[in-house]
Student: 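Have a look at this one.
Because the structure is a prediction, the values reported are computed rather than measured. What you see below is based on every heavy atom in this structure, not just the backbone, and it leaves out hydrogens, waters and symmetry mates.
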Amino acid sequence: MRFRPQYALIAVLALVLTACGSGPVKRVSEPAASIQQLTVGNDGNWDVELRLRNYSSMPMRFESVSLAVKVGDQAAGTLSATPAVSIGPESADVIKVRLQPASAARLVVADALAGSSSLFYELEGSVSVTPEDKKQRSFDIKSRNSLNQAPGLPGVLR
């Protein structure tokens, strides 16, 4: 078997090109938001645990959240917060937001709790995030999901 210099040259060039790479690609993806838990307080107001998901390949700082909430077919109000929380790549975190819901939405939630039935909800609005070493961006969010009564926890939907 003979040594061929062109194979050595190809191997050296491949190593040089690999060493010149800029590292992993940093990708900014659209974040997501969903309700992790809704607790009805004694005063009728809701404590909402909002789950914020970062699908990007770099840390993102969630600057502001403004999401209109609809339960069943009733508008409940707007979840507004400035969490200023940094969430790692492809991770999630939960923030708490207090909401004084519309009376029609209170009735929808009360019916779901009384009947132990699912509560369908919709979130629509925007989330502003700042990627690592970049400028702030705003993303439109629209999601639908459902919550069910948490066993043994009165007034709590998860």
Student: To the nearest 0.5 angstrom, please state how far the CH2 atom of W46 sits from the CD atom of Q37.
Tutor: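 Interatomic distance, W46 CH2 to Q37 CD, rounded to 0.5 Å: 14.0 Å.
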Student: When you compare the side chains of N148 and S118, does any donor N or O come within less than 3.5 Å of an acceptor on the partner?
Tutor: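 Present: a donor and an acceptor within the cut-off.
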Student: Of all heavy-atom pairs between A112 and L119, which one has the smallest distance, and what is that distance?
Tutor: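 Heavy atoms only, the tightest pair is CB-CB, 4.1 Å.
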Student: Salt bridge check, E63 against R61: does any charged N sit closer than 4.0 Å to a carboxylate O?
Tutor: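 Counted as a salt bridge, because a side-chain N and a carboxylate O are separated by less than 4.0 Å.
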Student: Any idea which heavy atoms bring I95 and P83 closest together, and the distance?
Tutor: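 Where I95 meets P83 most closely, the heavy atoms are CG2-CB, 3.8 Å.
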Student: Counting only heavy atoms from other residues, nucleotides and ligands, does the tally under 6.0 Å from CD of Q100 exceed 12?
Tutor: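 Counting neighbours around CD of Q100, 12 or fewer heavy atoms of other residues, nucleotides or ligands fall under 6.0 Å, so no.
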Student: Can you check whether P131 reaches V28 side chain to side chain, under 4.5 Å on heavy atoms?
Tutor: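 A side-chain contact exists here, since the closest heavy-atom pair is under 4.5 Å.
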Student: Under a 4.0 Å N-O cut-off, is there an ion pair linking D111 with R106?
Tutor: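 No, no charged N to carboxylate O under 4.0 Å.
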Student: For residues V65 and Y55: do they belong to one hydrophobic cluster (side chain heavy atoms under 4.5 Å, members Ile, Leu, Val, Met, Phe, Trp, Tyr)?
Tutor: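 In one cluster with V65: Y55, no.
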Student: Between P154 and G152, what is the shortest heavy-atom contact and its length?
Tutor: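 That would be CD-O, 3.5 Å.
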Student: Can you tell me if R144 has over 12 outside heavy atoms packed within less than 6.0 Å of its CZ?
Tutor: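 No - once you tally the heavy atoms of other residues, nucleotides and ligands closer than 6.0 Å, there are 12 at most.
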Student: Between E124 and K70, is there a side-chain heavy-atom distance shorter than 4.5 Å?
Tutor: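 Not touching, per the 4.5 Å side-chain cut-off.
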Student: Do N54 side-chain atoms and G88 backbone N/O form a donor-acceptor pair below 3.5 Å?
Tutor: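 Between the backbone of G88 and the side chain of N54 there is a qualifying donor-acceptor contact (under 3.5 Å).
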Student: Hey, what do you get for CZ (R51) to CD1 (I87), rounding to the nearest 0.5 Å?
Tutor: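 That separation rounds to 9.0 Å.
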Student: Any side-chain heavy-atom pair from D140 and S126 closer than 4.5 angstrom?
Tutor: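 Touching, per the 4.5 Å side-chain cut-off.
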Student: List the atom of S56, the atom of S29, and the distance in Å for their closest heavy-atom pair.
Tutor: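 Closest approach of S56 to S29: OG-N, 2.8 Å.
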Student: Side chains of S138 and Q136: is there a donor and an acceptor less than 3.5 Å apart?
Tutor: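 No, no side-chain donor-acceptor pair sits under 3.5 Å.
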Student: L38 versus E49: any side-chain heavy-atom pair under 4.5 Å?
Tutor: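 No, their side chains stay 4.5 Å or more apart.
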Student: Measure the OH-CG distance between Y121 and N145 for me, rounded to the nearest 0.5 Å.
Tutor: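 So the gap between those two atoms works out to 4.0 Å.
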Student: Locate the shortest heavy-atom distance separating K135 from T130; write the atom from each residue and the value.
Tutor: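 What the structure gives for the nearest pair is C-CG2, 4.3 Å.
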Student: Run F120 and V71 through side chain to side chain contact (heavy atoms under 4.5 Å, CB included) and show every step you take.
Tutor: CA-CA 6 Å; F120 293 94; V71 290; over 6 Å; no
Student: Measure across P59 and S86 and return the closest heavy-atom pair with its distance rounded to 0.1 Å.
Tutor: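 That closest heavy-atom pairing would be CB-OG, 4.3 Å.
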Student: Would a single hydrophobic cluster contain both M58 and L52, if residues Ile, Leu, Val, Met, Phe, Trp and Tyr are joined by side-chain heavy-atom contacts under 4.5 Å?
Tutor: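 Yes, it is one cluster - the side chains of L52 and M58 are joined through contacts under 4.5 Å.
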Student: Is R137 salt-bridged to E30, going by a charged N under 4.0 Å from an acidic O?
Tutor: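 Looking at R137 and E30, the cut-off is not met.
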Student: Nearest 0.5 Å, please: how far is CG in L123 from OG in S66?
Tutor: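 So the OG of S66 and the CG of L123 are separated by 11.0 Å.
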Student: Of the options V48, V156, N45, which is the one that meets T39 in a side-chain contact (heavy atoms from CB on, under 4.5 Å)?
Tutor: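 Exactly one option meets the side-chain contact (heavy atoms from CB on, under 4.5 Å) with T39, and it is V156.
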Student: Rounded to the nearest 0.5 Å, what separates atom OG1 in T78 from atom CG in L67?
Tutor: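 It comes to 8.5 Å.
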Student: Please determine whether residues L99 and L113 belong to a single hydrophobic cluster, defined as Ile, Leu, Val, Met, Phe, Trp and Tyr linked transitively by side-chain heavy-atom distances below 4.5 Å.
Tutor: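 Yes, same cluster.
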Student: Would you compute the distance between atom CD of Q149 and atom OG of S117 and round it to the nearest 0.5 angstrom?
Tutor: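 OG of S117 is found 9.0 Å from CD of Q149.
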Student: With clusters defined by side-chain heavy atoms of hydrophobic residues (ILVMFWY) lying less than 4.5 Å apart, directly or transitively, does V129 cluster with V85?
Tutor: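 Yes, it is one cluster - the side chains of V85 and V129 are joined through contacts under 4.5 Å.
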